[in-house]
Amino acid sequence: MAPSAVPVRGYSNLPAETEESLLPSRKRLKTHHGPTAASPDIQPEEDAPAAIPPHPLGIKPSGNAYTSSVDHKAAAGNFAKLPDELLIQLLELLEAPDLIRLGQVCKALYAFTRAEELWKALFVESLPKDFTWCGTWRATSLRIPAEHESHIHCPYLFSDALYRPYFCAHTDLWPFAKNIPKQNEISRLSDLSLGDYQLHWTSKPFILTDPVKEWPVFKEWDSSALLDKYSTTAFRAEAVDWPLHIYVDYMNNNTDESPLYLFDRAFATKMFLPLGTKASGAAYWAPPCLGEDLFSVLGDQRPDSRWLIMGPARSGSTFHKDPNATSAWNAVITGSKYWLMFPSSSTLPPPPGVILSEDQSEVTSPLSIAEYLLSFHSLARQTPGCREGICHAGEVLHVPSGWFHLVLNLEAGIALTQNFVPRGKLGDVLKFLRDCPDQVSGFRDEVVDPYGLFVDRLGNEFPEILQEGMRALEGKRGKWEELTKEDEEDQGGFSFGFGGGDSDDEEDE
Ligand SMILES: O=C(O)CCC(=O)C(=O)O
Ligand SMILES: [Fe+2]
């Protein structure tokens with residue numbers, strides 16, 4: 001799909017009154033989702049688009065207040081004394097009728113009470129059973145068509161807190177996926193053997209360019225085919241379970257900064273999909289070149305490992321590492337995804353704009369995807385270790401154990417993802433389970449010792465592989481690691497070791 005706007009340099013197409021003030025004021029922005037990461041100087045991205053339509057209520061970034069003698073908020077009595085972010089937090093305490101009443105007091109309170117995030121929270125909390133998506137969270141909550149919503153013009157309301165989500169939701173994000181520097185490019189492989197994967201690729205991201213084209217789901221699925229079959233089936237999208245037909249309506253008609261993302265772990269059961277191998281008539285199967293998944297020895301005690309993903313353009317995943325030091329593959333069925341990836345180790349800083357707790361157990365990625373790209377993309381792109389690529393329909397991206405990744409849907413699309421433990425990463429997974437029990441996730445409560453369970457099961461089924469993993473765990477190179485050492489250390493100056501990517505021990509050998 002072509003970008004929605006012709007990219008132009010800088011922000012030169014912004015309405016005149018917003019242009020000068022937007023960049024300086026963005027540095028002071030806080031998101032009301034959480035703390036703001038330290039912002040670097042914000043450089044307009046090369047080729048970044050600028051065609052942001054005027055805000056429907058006429059709201060402008062706060063910098064514009066300096067050149068205006070009129071200010072709606074100043075007329076809002078004592079409310080005017082509250083910083084915008086605090087005012088929004090207070091409004092989060094109100095119910096819908098109170099928001100409507102308060103919005104009748106003055107233009108400023110009208111504009112604040114229209115903030116979509118307030119209505120989204122109210123609507124999601126109310127867990128409505130039967131509803132129609134009406135285009136905005138407020139219209140949906142009030143059960144009115146979006147075109148019947150009032151639009152009182154508030155041309156002297158200058159607020160970053162209100163303008164930022166609108167700006168982020170209307171910024172064309174395609175340019176961020178373009179002009180990928182050569183050294184950052186994620187390798188694209190048309191055929192990869194299991195041997196090559198184990199020898200050279202277990203610790204590297206790559207895109208397999210044609211492995212899923214044979215999958216029945218690839219041939220059959222698009223959102224209308226899914227709608228025909230599963231219209232009333234409820235799928236999980238973040239905090240809600242919505243029938244597919246409502247989610248698809250939402251997907252096709254929303255202007256959220258961070259659209260609700262369908263991410264369902266129980267899809268195979270809900271959709272009656274046969275699983276297994278190609279030979280057994282499965283609906284899809286793991287790319288054979290990735291080899292065995294050693295977590296399969298856990299049987300029904302394994303943490304959830306497969307998800308159906310669906311979302312509109314601009315949806316996606318903020319920076320994170322996959323759980324329990326597992327690797328993953330992510331297959332695009334329809335649409336396309338931009339991936340921004342970084343290796344991790346105890347000696348490397350986290351990606352720019354990402355905050356890591358001291359024990360590295362918690363990754364905080366406070367910004368929305370759009371805000372991250374606007375603020376940090378050019379810095380991220382210049383940071384050693386950065387890898388970027390676009391995964392198209394029919395392709396599969398490999399996420400190596402321990403890598404940070406941010407994923408943006410460039411178009412509306414459907415994907416399948418699976419976490420797995422390849423042989424070459426067994427040492428990392430064993431070390432994670434043994435040494436970071438507080439960070440282990442996804443096991444059911446009755447599994448009190450995931451490390452012990454995994455070692456037992458592996459010992460019963462694959463004693464040699466367990467031995468190999470144990471050698472890796474103790475920091476001694478096993479056969480696979482020995483063979484892949486040179487290759488892994490040849491990654492932009494980084495070396496990858498066992499145990500959450502900590503290479504210190506290994507290098508001391
Ligand atoms: O949004 C996506 O497709 C990426 C999903 C992902 O990273 C994950 O499932 O861990
Ligand atoms: Fe992930």
Side-chain angles (χ1 to χ4, degrees), residues 173 176-177 186 203-208 212 217-218 221 223 235-238 247 251 256 258-268 284 286-287 290 293 295 302-344 350-351 354 362-365 367-370 372-373 387-422 425 428-429 432 439 441-442 500-501:
L173 301 179
F176 294 106
I186 295 174
S203 297
K204 293 177 191 165
F206 56 85
I207 292 170
L208 293 170
V212 313
V217 295
F218 181 71
W221 279 7
S223 55
F235 290 92
R236 171 127 295 223
E238 299 177 27
Y247 185 76
M251 198 164 92
D256 285 347
S258 302
L260 202 63
Y261 206 19
L262 189 151
F263 226 95
D264 193 299
R265 60 184 178 172
F267 69 97
Y284 73 93
L290 301 181
D293 171 8
F295 254 11
R302 79 177 292 167
D304 294 320
S305 62
R306 61 177 94 236
W307 285 267
L308 169 70
I309 302 173
M310 199 188 298
R314 328 175 60 79
S315 63
S317 305
T318 55
F319 265 117
H320 66 281
K321 289 198 243 180
D322 278 5
N324 304 323
T326 54
S327 303
W329 55 260
N330 183 301
V332 175
I333 310 293
T334 64
S336 55
K337 289 175 189 281
Y338 167 68
W339 288 77
L340 181 61
M341 308 179 76
F342 283 90
S344 75
V354 173
E362 269 178 66
V363 177
T364 308
S365 224
L367 304 181
S368 71
I369 294 176
Y372 182 88
L373 294 174
R387 293 290 176 271
E388 301 172 65
I390 298 179
C391 193
H392 299 277
E395 300 181 339
V396 170
L397 186 133
H398 171 252
V399 187
S401 162
W403 276 62
F404 289 102
H405 45 287
L406 171 149
V407 187
L408 166 71
N409 286 300
L410 293 167
E411 311 162 70
I414 303 170
L416 288 169
T417 187
Q418 236 169 263
N419 288 86
F420 71 107
V421 178
K425 287 291 167 191
D428 291 288
V429 174
F432 188 90
Q439 299 169 39
S441 62

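The basis for the numbers below is simple: all heavy atoms, side chains too, and nothing from hydrogens, waters or symmetry mates. Order of appearance sets the numbers: ligands from 1, and atoms from 1 within every ligand.
Checked by atom type, the side-chain pair Tyr261/Arg236 shows no donor-acceptor distance below 3.5 Å. For the residue pair Ser336 and Glu411, a side-chain donor N or O sits within less than 3.5 Å of a side-chain acceptor on the partner. Remark: the Tyr338 side chain and the Asn409 side chain contain no N/O donor-acceptor pair separated by less than 3.5 Å.
Aromatic pair Phe235/Phe263: centroids not less than 6.0 angstrom apart.
In this structure, the separation between CG on Leu410 and CG on Leu173 is 8.5 Å, given to the nearest 0.5 Å.
At under 3.5 Å, a nitrogen or oxygen of Lys337, whether backbone or side chain, sits near a nitrogen or oxygen of ligand 1. Checked against a 3.5 angstrom limit, the closest N/O atoms of His320 and ligand 1 fall inside it.
The NE2 atom of His320 and the NE2 atom of His405 subtend an angle of 90° at the Fe ion (ligand 2), given to the nearest 10 degrees.
Here Asn330 has side-chain heavy atoms under 4.0 Å from ligand 1, and that is the only part of it that gets that close.
Shortest distance from the Fe ion (ligand 2) to Asp322 is reached at OD1 (N/O/S atoms only).
If you number the atoms of ligand 1 from 1 as listed, the ones under 4.0 Å from a heavy atom of Tyr261 come out as 1 (O), 2 (C), 3 (O). Atom numbering of ligand 1 starts at 1 in the shown order; those under 4.0 Å from a heavy atom of Val407 are 1 (O), 2 (C), 3 (O), 4 (C). The Thr417 neighbourhood of ligand 1 comprises atoms 9 (O), with distances under 4.0 Å to a heavy atom of that residue. Residue contact check: Ser317 has heavy atoms under 4.0 Å from atoms 1 (O), 2 (C), 4 (C), 5 (C) of ligand 1.
If you check which protein heavy atom lies closest to atom 9 (O) of ligand 1, you get Phe263 CZ, 3.3 Å. Ranking the protein heavy atoms by distance from atom 10 (O) of ligand 1 puts Asp322 OD1, 2.9 Å first.
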Exercise for the section: Could you go through the salt bridge (charged side-chain N to carboxylate O under 4.0 Å, His left out) check for Arg302 and Asp293 one step at a time? Expected result: CA-CA 11 Å; Arg302 79 177 292 167; Asp293 171 8; 2.8 Å; yes

Practice task
Assess whether side-chain contact (heavy atoms from CB on, under 4.5 Å) is satisfied between Leu416 and Ile333, documenting all intermediate values.
Solution key: CA-CA 7 Å; Leu416 288 169; Ile333 310 293; 4.2 Å; yes

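Looking at every heavy atom in both residues, Trp403 comes nearest to Ser203 through NE1-O, 3.4 Å.
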